[in-house]
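Down below is the structure, laid out as structure tokens.
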Number of protein chains: 2
Amino acid sequence: MGYNEEAFIKILKSKGLKVTNQRKAVLKALSSKPDQHLTAEEIYELVRVDTPEIGIATIYRTIQLLCELGLIDKLNLDDGYVRYEIGKEDKNEHHHHHLICVNCGKVLKFDDDLLDELEKQVEKTTGFIVHDHELKMYGYCRDCQNNRK
Amino acid sequence: MGYNEEAFIKILKSKGLKVTNQRKAVLKALSSKPDQHLTAEEIYELVRVDTPEIGIATIYRTIQLLCELGLIDKLNLDDGYVRYEIGKEDKNEHHHHHLICVNCGKVLKFDDDLLDELEKQVEKTTGFIVHDHELKMYGYCRDCQNNRK
DNA sequence: GTTTATGCAAATATTTTGCAACGTT
DNA sequence: AACGTTGCAAAATATTTGCATAAAC
């Protein structure tokens, strides 16, 4: 897993998009933090270590592009920042979801198998065809159960 | 159901907060649109019909207060606006979740019973104690399945 | 050489804040 | 009368856009 430059170049070329250092740098930066949920500003700081001339506008434009290509996922923790994380390389893998500690802000991922059943139930009941879902659970992590509550 | 002014006044007083026309107007406006997901700007427009002197800052401050009191819920549809909707009066009622049509933007609610099981499983696996959850499903509504796809 | 992408700065959009005036208790 | 709340305008924050320059094809 990790950063696969060759595959990325192939995707860009197949869409008629140009392969630039900036685009490679942004994807590489996100790939280097697979378990974090970075804001645009954090990605900017991270990319600037190796690519100091990059502008924040390019960060935003590249993030949007990577989302459209399905290489990264958008995550909203309702803290005023939109966050991004590197996606799963295996597209058939189950989506992961997020456990958010309301005390310390820690975010854990978890995989789910149960939601497929719920999706089917929803499709039957409402006529909606579900393509994707996002689940967030809020609570207290192991550490914060002792400190608080 | 609907807008219960007496109960609202009781809650405000019990917290040492003042009962103002603006606060009543905002809660009343949200109560009048129980199935909609309104932005701050939309709430502002709605409240100004009867309370034209209200300022947008008061809308934001009141929305935040109503969220803290648990009377309204925040909803993020990732369209650039934070939205609000009137909460359930019965606190023991199951949470509802949202089906979002990626074609026309329509938002449907649905109730769930299956997530309690998932919560328990998560608590066992991760040690997290879950207090709340939010689920969004993205797909195509019945109407849009014919037009598109 | 043509086209697309970048960097910068300015613009936009949403939400927050300071403060004097006002309304509620 | 005391204190919390409001309205206004200004500030802060996050993201987008126009445009000339630069890089990729």
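Every chain is numbered from 1, with letters handed out A, B, ... down the list of sequences. Everything numeric here is computed off the predicted structure, so don't read it as measured data.
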Looking only at atom types and distance, does a side-chain atom of [X] sit under 3.5 Å from a main-chain N or O of [Y], one as donor and one as acceptor?
X: A/R142; Y: B/T126; answer: yes
X: B/K33; Y: B/I43; answer: no
X: B/Q145; Y: B/Y140; answer: yes
X: A/K136; Y: A/N76; answer: yes
X: B/R23; Y: B/F8; answer: no

Next on the checklist: Are more than 12 heavy atoms, taken from residues, nucleotides or ligands other than B/E45, located less than 6.0 Å from that residue's CD atom?
Outcome noted: yes
Checklist entry - Just wondering, more than 12 heavy atoms not from A/K28 lying within 6.0 Å of its NZ? => result no
[X] [atom1] - [N] [atom2] separation (whole Å):
X: B/Y44; N: D/dC8; atom1: OH; atom2: C1'; value: 10 Å
X: B/I9; N: C/dT24; atom1: CD1; atom2: P; value: 12 Å
X: B/L65; N: C/dT16; atom1: CG; atom2: C1'; value: 16 Å
X: A/N76; N: C/dT14; atom1: CG; atom2: P; value: 15 Å
X: B/R23; N: C/dT24; atom1: CZ; atom2: C1'; value: 10 Å
X: B/K10; N: C/dT25; atom1: NZ; atom2: C1'; value: 19 Å

Checklist entry - Just by protein heavy atoms under 4.0 Å, how would nucleotides 20-25 of chain D read 5' to 3' in B, S and -? => result ----BS
Item to check | B/K109 side, atom NZ; B/D111 side, atom CG - distance, nearest 0.5 Å | outcome: 9.0 Å
Checklist entry - Does B/Y81 or A/G16 map to a spot on DNA chain C nearer the 5' end, using the closest nucleotide for each? => result A/G16
Item to check | Stretch residues 48-64 of chain A: residues that reach within less than 4.0 Å of DNA chain C through a heavy atom | outcome: A/E53, A/I54, A/G55, A/A57, A/T58, A/R61
